[in-house]
Protein chains: 4
Amino acid sequence: MSDLDSPVEPRRRDAARTRQLLLDAARRRFIRDGYAATTVRDIADDAGVNVSLINRYFASKEGLFEACLGAAVTDLGNDTDGLSRDEIIARVVARISGRDPLDNAYVMLMRSSGDERIDEMRRAILISHARKLAAAGTPGPHALLRAQIVIAAAFGIATMRSALQPEPITSADPAVLHALLTDLIDAVLPR
Amino acid sequence: MSDLDSPVEPRRRDAARTRQLLLDAARRRFIRDGYAATTVRDIADDAGVNVSLINRYFASKEGLFEACLGAAVTDLGNDTDGLSRDEIIARVVARISGRDPLDNAYVMLMRSSGDERIDEMRRAILISHARKLAAAGTPGPHALLRAQIVIAAAFGIATMRSALQPEPITSADPAVLHALLTDLIDAVLPR
Amino acid sequence: MSDLDSPVEPRRRDAARTRQLLLDAARRRFIRDGYAATTVRDIADDAGVNVSLINRYFASKEGLFEACLGAAVTDLGNDTDGLSRDEIIARVVARISGRDPLDNAYVMLMRSSGDERIDEMRRAILISHARKLAAAGTPGPHALLRAQIVIAAAFGIATMRSALQPEPITSADPAVLHALLTDLIDAVLPR
Amino acid sequence: MSDLDSPVEPRRRDAARTRQLLLDAARRRFIRDGYAATTVRDIADDAGVNVSLINRYFASKEGLFEACLGAAVTDLGNDTDGLSRDEIIARVVARISGRDPLDNAYVMLMRSSGDERIDEMRRAILISHARKLAAAGTPGPHALLRAQIVIAAAFGIATMRSALQPEPITSADPAVLHALLTDLIDAVLPR
DNA sequence: TATGAATGAGAATTCATTCAT
DNA sequence: GATGAATGAATTCTCATTCAT
């Protein structure tokens, strides 16, 4: 509770911090409302900074979107190394049932800015992630398709929790959610 | 009033037909691109009619959206009556793997116009549909949650097929897709 | 003085007329103030029409500029055919000393929108016009250079009359101006 | 205070030098692109200094413009004293055909910042310079008008060489240019 | 019923300028 | 003296909607 040289509040004119504030605010808006429904002013207001700093730091709204996408890709890349099937599944489940539904790589990955070049990137990232997931299960004729179904389901569940936010799924007990989702994935990804 | 003349230029100035053309075009756009990213001009052009007819027939873009939602609700209402669990599951699966991904009640239901009143309607419709689905399975403590997970997964898979459209899931063999989805739902909805 | 079914004022919702009003207003602004210093709102207000009609009819401010340039080129093209040297000179002189200094092809031709593609066009048009002028005089080693000097001088005089507008040159007696300008051109273009 | 150290990184934090760098960069930009099309950032970058120094040294973009104008006036003032007609004409010709087209008092004088107060100054300077030129020739009824025509022509030729930059006029042989321009002025200013 | 011209609000972006370091 | 972060006003353009024909 001490405020001794508190690093909070005091620092202003901190470019890196401003950038991060914008990035965080943007991600939440893009995930909840989508690209087109989000205005740069919304984002700047949420971040508590001046609108034109978006252009200063990210060149354009589209640039900010791409930066958010980059962060999502980084998150998705966390299960790269040789993890076991169960470990990978655990990560996917964790992503779906995470405490902050507005920070979800799967939902971010499915949001489109309408730019075809970025859409192509998104498609490539998705395929790459699906391949990794497929490699975790037993190889089979439809391994990639199965992995995509898991990702799509994960995205759908995460979206429902972040966009429409109906109950009980939005505030469900993490343990229960975890168990159900593990069952779901187990059923689709061959052991 | 005979039908002899011009089967070539068959119906012009046909209010009902114009309305339906707009409705169909709008649904496809809303499902693929979302509400905010869709312009009324896009819709009118797709339908091949004049833009201002949207306001004439639906009062506003929002009104058109609501009409599309109504159609989705009608579709969702088809599994109302006392169907068996397997029949209901079969319908859900059919909705996900349907041949026209741009005509999907689950995706439409998850699209938002940003209007809170309509969002509340959407939430209500979702809950109502989830209840129906829950009632099909064995009653249990988390029946509604399980049903929502199924719907959310269905929405996610359908969205991936209609929005990002990656392969192989987009052009997957219907039979294979059907089998995998049935497994998925079976795992979540208690028999 | 009769106002019987006056074609003035009454017609509204006349696309062609609106387009022309914008074109005229834009030309005057571009010539007097230049491209960058002119706002689309200035133009629309001068024309007495809504700003967004500029985008409707000319796609963009740049498109409107290009259209103005096109009109200038048309004017410049009027001395195409086999006119005599004196006739061509008379036309150049008329352009400089014309009653409306804000409708001058030479000044318009020298205004830049900053777009390199259009700048290239302008350069080509200028060269082409200079060649025509050069062809009117006696052929010589510096015929094209001489023609360009004449055009540049014409542009300079017209600009001074339309932009800075100092006296006495701005309100000079047309006959006097005519005589002086003819002397000037005569001195540069070899007979 | 010795100059022994660092001839490499010679002057930093030298106010006078920074001022001059900005002045030079600004003049070139204003002459080539005009006031409105030039951004203070362009100027600062060209000068290799920080943008906000423009406000520090010249109070505003407008102040910088005025300073550039002052420099042009100084140049123009060089033919003040009792020079002969031919000497004055030689100076005008030199100004037009000078090696650096982006350093031209006539062009600078014709550029507007849009500020009416400064425009009035420019008009006054022009008149004053025209009077001096008029005084060099034989007095006559249209002496001032003749002088303005010469200045306007000079401006036009200089502008063409600095803005649109078409060939052959831009890279013309100075001697040839000199001869042609002398002929031009001779024809307008009565001997 | 349909068309397309016109409108006005709102969006992203640019840019001169100010402020803190 | 210099830097670069931040601000706010202005600008172009888009888009849903209304109006006249």
Side-chain angles (χ1 to χ4, degrees), chain A residues 11-19 36-44 48-64, chain B residues 11-19 36-44 48-64, chain C residues 11-19 36-44 48-64, chain D residues 11-19 36-44 48-64:
Chain A
R11 44 183 161 164
R12 291 163 73 188
R13 305 234 156 200
D14 178 337
R17 181 167 168 272
T18 300
R19 227 191 98 98
T38 298
T39 73
V40 290
R41 192 145 257 130
D42 287 338
I43 297 171
V49 308
N50 188 282
V51 209
S52 66
L53 294 179
I54 288 178
N55 298 282
R56 192 184 197 324
Y57 291 121
F58 301 96
S60 64
K61 182 187 180 185
E62 193 108 30
L64 176 52
Chain B
R11 290 158 286 189
R12 288 184 58 194
R13 306 225 158 200
D14 177 338
R17 179 168 169 274
T18 298
R19 232 189 94 97
T38 299
T39 73
V40 288
R41 194 144 255 129
D42 286 338
I43 297 171
V49 310
N50 188 282
V51 209
S52 63
L53 294 178
I54 287 177
N55 296 279
R56 187 156 174 48
Y57 290 123
F58 301 95
S60 65
K61 182 187 180 185
E62 193 108 31
L64 176 52
Chain C
R11 44 183 162 163
R12 291 165 69 189
R13 304 235 156 201
D14 178 338
R17 180 168 169 271
T18 298
R19 229 191 95 98
T38 299
T39 73
V40 289
R41 191 146 259 129
D42 286 338
I43 297 171
V49 309
N50 187 283
V51 210
S52 67
L53 294 178
I54 288 178
N55 298 282
R56 193 186 198 320
Y57 291 122
F58 302 96
S60 64
K61 182 188 180 185
E62 192 109 30
L64 176 52
Chain D
R11 289 158 287 189
R12 287 183 60 192
R13 306 223 160 200
D14 176 337
R17 179 167 170 273
T18 299
R19 231 190 95 96
T38 299
T39 73
V40 289
R41 193 143 255 130
D42 286 338
I43 297 172
V49 310
N50 188 282
V51 209
S52 63
L53 294 179
I54 288 178
N55 296 279
R56 186 157 175 45
Y57 290 122
F58 301 95
S60 65
K61 182 187 180 186
E62 193 108 30
L64 177 52

Are any protein N/O atoms closer than 3.5 Å to N/O atoms in nucleotides 18-20 of chain E? If there are, list each pair with its distance.
from    : atom 1 : to     : atom 2 : distance (Å)
dC19(E) : O2     : R13(A) : NH1    : 2.7

Residues forming a side-chain hydrogen bond (donor to acceptor under 3.5 Å, both in side chains) with [X], sequence neighbours excluded:
X	value
N55(C)	none
S52(A)	N50(A)
T39(A)	D42(A)

[X], nearest nucleotide to its side chain (from [options]):
X	options	value
L53(D)	dT17(E), dA5(F), dT3(F)	dT3(F)
T18(B)	dA2(E), dA5(F), dT17(E)	dA2(E)
Y57(B)	dA5(F), dT1(E), dA5(E)	dT1(E)
T39(B)	dT1(E), dC13(F), dA16(F)	dA16(F)

Most 5' of E62(B) and I54(C) on DNA chain F, judged by nearest nucleotide: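 First, find each residue's nearest nucleotide; the 5'-ward one identifies I54(C).
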Relative to the 5' end of DNA chain F, which residue comes earlier, K61(C) or T38(B), by the nucleotide with the nearest heavy atom?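 Final value for this comparison: K61(C).
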Please name the pair of heavy atoms, one in [X] and one in [Y], separated by the smallest distance, quoted to 0.1 Å.
X	Y	value
I54(A)	V40(A)	CD1-O, 3.4 Å
A36(D)	A37(C)	CB-N, 3.6 Å
T18(A)	Y57(A)	CG2-CE1, 3.8 Å
K61(D)	T38(D)	NZ-O, 2.8 Å

Atom [atom1] of [X] and atom [atom2] of [N]: how far apart are they, to the nearest Å?
X	N	atom1	atom2	value
D14(B)	dA2(E)	CG	P	8 Å
R56(C)	dG8(E)	CZ	P	15 Å
L64(B)	dT17(F)	CG	C1'	14 Å

How many angstroms lie between atom CD of E62(C) and atom CG of L64(C), to the nearest 0.5 angstrom?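 Going from CD on E62(C) over to CG on L64(C), the span is 10.5 Å.
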Requiring both pairing distances under 3.5 angstrom, list the stems that contain DNA chain E and are made of three or more consecutive Watson-Crick or G-U pairs.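 When the pairs of DNA chain E are grouped into runs of at least three, the stems are E:2-21 with F:2-21.
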Would you say the side chain of R41(A) and the base of dG10(E) hold a donor-acceptor pair, judged only by whether the two atoms sit under 3.5 Å apart?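 Side chain to base: no pair present.
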Side-chain-base donor-acceptor pair under 3.5 Å for N50(A) and dG8(F):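 Yes, the side chain and the base share a sub-3.5 Å donor-acceptor pair.
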V51(A) or A36(D), whichever maps to the more 5' nucleotide of DNA chain E: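 The residue mapped nearer the 5' terminus is V51(A).
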